[in-house]
Amino acid sequence: MQQFDVVVVGGGMAGASAAIAIKKVSPQAKIAVIEAFAPKGKQHPSFDDRSIALAAQSVAFLGELNLFNPEWQYVEPITQVNVSDRGHFGKAWINPEDYNQKALGYVVEVNPYGSFLHEQLSNLDIALLCPNQVAHLHQQPEQVELTLDNGEQLQSRLLVVADGAQSPTRAKLNIGFDSIGYEQGALIANVQIDTAHRGQAFERFTEHGPMALLPMSDNRYSLVWCMPNEQLSEFEAMTAHEFLAALQQAFGYRAGRFVQVGMRASYPLVLGRVEQLTHHRVVVIGNAAHAIHPIAGQGFNLGLRDIQVLTSQCQAIASEEWGSFQFTRAYQLARAHDINTVMTLTDALVRLFSNSSRTLALGRSLGLLTMALSKTARAPLAKQLMGYKG
C-alpha cells in the first residue's frame, strides 16, 4: 500500500493547482493526484478553446509560485470592464489604474494552461494516477485508505476532494450539497469581432439575462450569456448567422461587430455549497465545495482562494499534523466567511439585474451612474472583480 502525505482526487484546474501549490511550499511532501480522465495532451490551439478569468489577486498568488506568466500566448489582460444595463441609462467603467493595478485580471485558455499544469505535476514528482477513480475509501484515525478502480491501494494523511460539481468522492463521504436553481442557464461560446478588443471586457444586463464578454487572443471574446432555461435550446439550435444577429441585437455594437461564432454549449446555473467544507482528514475545494453564478467571473478564483488557505496551512503546520482535527477545523474557519460573502454578493447581483421591476431598473441605473462618477462607489465591485477583500 502506497503512503502519501496528501492525495488529491481530481486532476482538473483546481486539483492540479492544489497539488502543485502544496508541493511548491512543502517540497518534501509526498503527493498523489487521482484523475478519472486521461489528459488529451498537447493540441493545436482551437477557436473553441474554453477560458477562465483570473482575478488580479489570483494572478498574484499563482505568480509567486511561478504558475502564471502574463506573456503567454494564450493569456489576455483585462484592461477595462464596462458594465451596462440594456435599455437603461446607467453605465460604469472600471479601470485597473484607479486601483494601482496593471490589469483587473487575465483571461486564460484552459487547454494550454491545463497542459502546463500537468507538466508541472511531472516535473515536481507528483504521482498522477490516471485514468483512475476511487472505488472505496475508509477514514481511519490517522489516515484515509483508498482503493482505486484498478485495485491499487493508497494511504494519505490528508484527502483533498477536487473532482468537480458532481463530485463522486463527496458522495462516497456522504457530504451533502445544498443547491438552488436559478431557472437560468448559461450559453457559452467563443465569438470573434471585426476590430481589436484592446483588452476590454463587458458585463451587460439584458432582458434575457446577464451576458459577459471576456477578451481572448486573436480578437476573440469568451461569451457567457445567461438566459431562461426554456430559451437555451432555441439559441443553441440557431444557425451561426442567426445567432450572431441575435447576439448583436441583444448586446449592441459597443464591442464591435460579431463576425464568427464557434461551438455553443450550455449548462444549468445554481447557487450551492457543501453542507460541510471538511470531514475527518478531508477538505473539499473548488467546484466540489461551492457553485456560484458566473455573473462576476469568480468561480475559479474562489477555488484558488481555497487552495491559498490550504497551502498556507500546509506551510505553517508540520506534515505529521496534516489532516488532523485542528488542521481541518482551521481550514473550515478560514474559508467560511469568504465563501459566504462571495456567494451572497453574487446572488444579490443576479437577483438585482434579473428583475424587470421599473423601480429596481431605475435604482440600477442610478447606481451605475454613481459608479461612473465616483471611484469610491466603484471600489466594492472592483475589489470583487480583482478578488480582493474589503
Side-chain angles (χ1 to χ4, degrees), residues 1-12 14-19 21-22 26 29-36 129 132-149 152-179 270-292 302-340 342-343:
M1 183 177 289
Q2 295 189 70
Q3 296 185 331
F4 294 92
D5 297 301
V6 181
V7 168
V8 180
V9 183
S17 298
I22 294 171
S26 302
K30 193 173 182 184
I31 301 173
V33 174
I34 303 169
E35 170 54 38
L129 308 175
N132 286 119
Q133 299 181 59
V134 177
H136 305 285
L137 62 84
H138 298 283
Q139 293 159 286
Q140 303 291 358
E142 299 301 323
Q143 70 273 330
V144 179
E145 296 178 353
L146 303 165
T147 302
L148 304 186
D149 53 356
E152 191 171 352
Q153 294 183 315
L154 319 174
Q155 283 185 345
S156 181
R157 289 192 176 95
L158 174 65
L159 180 67
V160 179
V161 177
D163 50 351
Q166 306 302 320
S167 172
T169 310
R170 190 181 64 206
K172 285 182 171 63
L173 290 162
N174 294 315
I175 300 177
F177 191 84
D178 298 322
S179 64
V270 299
L271 177 74
R273 68 175 297 176
V274 286
E275 292 177 352
Q276 55 194 87
L277 290 169
T278 63
H279 207 285
H280 177 65
R281 293 200 167 269
V282 175
V283 298
V284 187
I285 69 169
N287 289 345
H290 34 69
I292 61 174
L302 193 60
L304 278 176
R305 294 205 291 278
D306 295 341
I307 294 168
Q308 284 181 257
V309 168
L310 185 60
T311 302
S312 65
Q313 286 187 215
C314 289
Q315 190 173 21
I317 299 173
S319 61
E320 291 79 8
E321 296 300 317
W322 292 2
S324 66
F325 173 77
Q326 291 79 6
F327 184 100
T328 56
R329 176 67 173 164
Y331 177 85
Q332 165 87 25
L333 292 174
R335 291 302 299 135
H337 178 71
D338 181 35
I339 292 171
N340 285 337
V342 172
M343 291 182 73

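We number each residue from 1, following the sequence as shown.
- Here the CD1 atom belonging to Ile34 is positioned 9.0 Å from the OG atom belonging to Ser156, to the nearest 0.5 angstrom.
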Check: Yes or no on side-chain contact (heavy atoms from CB on, under 4.5 Å) for Val284 and Leu173, after CA distance, side-chain angles and deciding distance?
Finding: CA-CA 11 Å; Val284 187; Leu173 290 162; 5.7 Å; no
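- A salt bridge is defined here as a Lys NZ or Arg NE, NH1 or NH2 lying under 4.0 Å from an Asp or Glu carboxylate O, and Asp5 with Arg157 meets this definition.
- The distance from atom CD of Gln143 to atom CD of Gln3, rounded to the nearest 0.5 Å, is 7.5 Å.
- In this structure, the separation between OG on Ser324 and CZ on Arg329 is 13.0 Å, given to the nearest 0.5 Å.
- Between His290 and Asn340, the closest side-chain pair of non-hydrogen atoms is not below 4.5 Å.
- A 4.5 Å side-chain heavy-atom check between Leu310 and Leu158 finds at least one atom pair inside the cut-off.
- Looking at heavy atoms from C-beta onward, Ile22 lies in side-chain contact with Ile31 at the 4.5 angstrom threshold.
- With Gln313 contributing its side chain and Phe327 its backbone, the two residues share a donor-acceptor pair below 3.5 Å.
- Rounding to the nearest 0.5 angstrom, the gap separating the CG atom in Leu146 from the CE atom in Met1 is 9.0 Å.
- You'll find the side chain of Val342 reaches within 4.5 Å of the side chain of Arg305, heavy atoms only.
- Inter-residue side-chain proximity for Leu129 and Leu154 is flagged as met; some heavy-atom pair is nearer than 4.5 Å.
- Side-chain contact between Pro168 and Asp163: present, with at least one pair of heavy atoms (C-beta onward) separated by less than 4.5 Å.
- Contacts of Glu152 classified as side-chain hydrogen bond (donor to acceptor under 3.5 Å, both in side chains), with partners at least two apart in sequence or in another chain: Gln2.
- For the atom pair Ser26 OG and Trp322 CH2, the distance stands at 4.0 Å (nearest 0.5 Å).
- Looking at heavy atoms from C-beta onward, Val283 lies in side-chain contact with Thr328 at the 4.5 angstrom threshold.
- Between Leu159 and Arg281 the shortest side-chain heavy-atom distance does not fall below 4.5 Å.
- Taking CD of Glu320 as the reference point, atom CD of Glu142 lies at 11.5 Å (rounded to 0.5 Å).
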